[in-house]
Amino acid sequence: MSNNLLEVSRDGEIAVIVINNPPVNALSPGVPEGIAEAIESIAQDSQVKAVVLMGAGKTFVAGADIKEFGKITSGQRSRPGLGQLLAKLEDSRKPVVAAIHGSAFGGGLELAMAAHYRVASPTAQVGQPEVKLGIIPGAGGTQRLPRLAGVAKAVEMCAEGNPIKASDALEFGIADRLIDGDLRAGAVQFAREISAKPAPQTRARSEKLGTPDQNVAIFAAARENARSKQRGMNAPLAAIDAVEAATTMPFEQGCEYEQKRFMECLFSEQSKGLIHVFFGEREVAKIPDVPKDTPILPVGNVAVVGAGTMGGGIAMVFANAGIPVLLKEVDQPALDRGLANITKNYDTSVSKGRLTQRSAGERLALIQPTLSFDDFDDVDMVVEAVFEGMELKKQVFAELDRVCKPGAILASNTSTLNVDEIASATSRPEFVIGTHFFSPANVMRLLEIVRGRGTSKEVIATCMQLSKKLGKVGVLVGNCMGFVGNRMFGPYRREAQFLVEEGAQIEAVDQVLFDFGMAMGPLATGDLAGLDVGWRIRKEYRHLQNPGVRQPFAEDKLCELGRFGQKTGAGWYKYDGRRRASSDPAVAALLREWSAQAGIPQREISSEEIVDRCIYALVNEGARILEQGYALRATDIDIIYLYGYGFPSYRGGPMWYADRVGLDRVCDRICEFHRQFGALWEPAPLLKQLASQGKTFSEFQTERGAAA
Ligand code: 3H9
């Protein structure tokens, strides 16, 4: 028997079902039904003694088809009945062996756990990543996994969503055997060995379900962990409740409970936001005028110019990906300082158990320090990370143009400067590009890739692909002041300052935005990054400000007092020797004094106003950027904010958030701010237009995509 999603063949007395639903064998409509039908028909075949179930191509099954979820929540499709189909599989009298390679994620692992045995390639991974989509396992995963792996492992996997390696799956009893070499042959062999034995059902097991005394501590710790590490997210807590149900209820009742919580999560705003992020993360890799088959340039070795915080971090990023790096500084003390920082960072990773001493040593050995440009003639790519000043950058690029081989990519880590002007210092603008890493470069996942006027498609395609190799999410942006992320961040932080100048407490502004889900409040973020950075840029660009338009003054005044933030022990907050923040009544008093001098009336400011002013400032600028084409899609802006600025993933990003609030409401509020606070709140034309048409940024994106 075969349909286009499934192939069934025979290897002697063993039937082999191969799921073939590229690219990742998701359980799209037809796949689970096909498996159930195949099992039913095999049951009638007296010659078959056991069954192997596996996936075609690069993976077993990556889970339910995530595209289907939107259809269910919009009423176009009925709720999934995967659980019942898996029960049929588990009821098969002929033992079924799931043979796992690639990944068995979500519904894929649930399918494998409903089989009677599991074998896996040593490189396979298994996991219940549903919480990352704002849902919980919905086909018995929370009930079968604790029965196989024990309560502690199951609750960790279901609540945190991280996959585990095949060797761990074996250790925890999820897999029964690892198979080196040909998986199909090994699985068939295994099936022969067990074919005469009864088919053990996972749901009938209880020996790993623990005692109430043991479990109470496990669940309490899991909940505490979820509340701090997945702050604001509902699904991890629902997943913990569902695993707990496995320990207190019979299997069928536990499954019903799981199903109820799954559906609640599926219909939640959080899940919609996280599913948007899942597809968005993949969409940003698609550049309409840079097709998939654009030639990629080799990047086998690189050089980084500048060993400061950014340069050192960037060198680590390449070394972590196994790419040799030349690290250049102007003098020995600066080079020594840079290397000492890198060594310290690796030592910390080793002491925290994130890296072995050996691999830290190997990575460090890939970073070769230098004081000259002499060896640069051999590198495939250079990332410049010197001080943020146009003249200096141009000098460096002129030098790179002189020493680097033809075809080498010359990238700048500038966070604000004009990439075309930097490129003008070279004879090869087609090889010049911006690669804006975020601090700390070795931690933050975002890479803004800035396309200059002359940047070639090959160079863009190479940098986009490289970002993946470096473990980053690369987003292509246009060349405007501050690019996408920092251009939007300006108005956001401006509003935070205005709010405290108008009477809001510093701590309140930070707390309200932290509670909204931001990784950190805007004022505390300023202290972390260094208030002097923005102060210097503002001084340089003061001539561009419109006279008569209100500008924030508090940070400039703090800088004039030498309060640059954490690094000077004082900024918006004061800091102890371990950089722990506490409120500083002196700053609060100064603010009142400065505001009085500036004639700014003081008032009570609500939490709602704090959120709206800061977040809508992001949205309004985002709308301008989108309209001007500096971001390809609203989704690209969302991804930039999630991975570069700590925007809560369960809110989908600022543009998605605005869509969900409703652009008419957002626009009305912005118009209100415009009347109240003046020109800086001029609503973006695109926002006004979409609001009046009752449309969303997502719809605008789809229409623009179709028109392109
Ligand atoms: C679930 O199972 C719920 C259950 O409890 C049951 C409920 C009843 N569906 O990532 P890639 C697409 S929830 C639809 O670039 P890689 C992806 O969009 C699910 N599409 O490849 C992309 O499309 P395009 C739980 C999917 O090799 C293409 O496949 N499972 C799905 O870097 C290639 O993907 C998960 O959350 C899907 N499930 O990584 C696993 N998965 O080419 C999600 C992928 O058009 N998936 N696509 O852009 C992954 O983690 C990775 O895709 C995987 C492969 C590791 C599998």
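Indexing begins at 1, ligand by ligand and atom by atom, following the structure's order.
At under 3.5 Å, a nitrogen or oxygen of Gly107, whether backbone or side chain, sits near a nitrogen or oxygen of ligand 1. Considering backbone and side-chain atoms alike, Gly138 places an N or O below 3.5 Å from some N or O of ligand 1.
Asn234 and Glu264 share no side-chain donor-acceptor pair at under 3.5 Å.
The nearest heavy-atom contact from the protein to atom 18 (O) of ligand 1 is Arg282 CD, 3.5 Å. Atom 9 (N) of ligand 1 has as its closest protein heavy atom Ile66 N, 2.9 Å. Atom 32 (O) of ligand 1 has Lys468 NZ, 4.1 Å as its closest protein atom, hydrogens excluded (heavy atom only). Distance from atom 20 (N) of ligand 1 to its nearest protein heavy atom, with residue and atom name: Lys67 NZ, 3.9 Å.
Counting heavy atoms under 4.0 Å from ligand 1, residue Leu133 touches it through the side chain alone. Contacts of Ala64 with ligand 1, taken as heavy-atom pairs under 4.0 Å, involve both backbone and side chain. Only the side chain of Val24 comes within 4.0 Å of ligand 1, judged by heavy-atom distances. Heavy atoms of Lys58 found under 4.0 angstrom from ligand 1 belong exclusively to the side chain. When non-hydrogen atoms are compared, ligand 1 lies under 4.0 Å from the side chain of Lys286 (C-beta onward) but not from its backbone. With a 4.0 Å cut-off on non-hydrogen atoms, Glu283 does not touch ligand 1 at all.
Here is the list of ligand 1 atoms found below 4.0 Å of a heavy atom in Glu110: 4 (C), 5 (O), 6 (C). Those atoms of ligand 1 with a heavy atom of Phe279 less than 4.0 angstrom away are 18 (O). Every atom of ligand 1 with a heavy atom of Phe262 under 4.0 Å away is listed here by number and element: 7 (C), 8 (C). For ligand 1, the atoms sitting less than 4.0 Å from at least one non-hydrogen atom of Asp65 are 9 (N), 14 (C), numbered in the order shown with element in parentheses. The ligand atoms of ligand 1 that sit less than 4.0 angstrom from a heavy atom of Ala62 are 25 (C), 30 (N), 35 (C), 38 (N), 40 (C), 56 (C).
Not a single donor-acceptor pair under 3.5 Å links the side chain of Glu68 to the backbone N or O of Pro29.
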Practice problem: Could you please spell out the steps behind the side-chain hydrogen bond (donor to acceptor under 3.5 Å, both in side chains) verdict for Ser359 and Thr356? | Solution: CA-CA 5 Å; Ser359 43; Thr356 63; 2.8 Å; yes
Practice problem: Given side chain to side chain contact (heavy atoms under 4.5 Å, CB included), test Tyr643 with Lys472 step by step and report yes or no. | Solution: CA-CA 9 Å; Tyr643 292 115; Lys472 305 285 173 204; over 6 Å; no
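Here the two rings, on His276 and Phe278, have centers that are 6.0 Å apart or farther. Between Phe190 and Tyr117, the gap from one ring centroid to the other is short of 6.0 Å.
Residue-ligand proximity: Pro23 is placed with a non-hydrogen atom under 4.0 Å from ligand 1.
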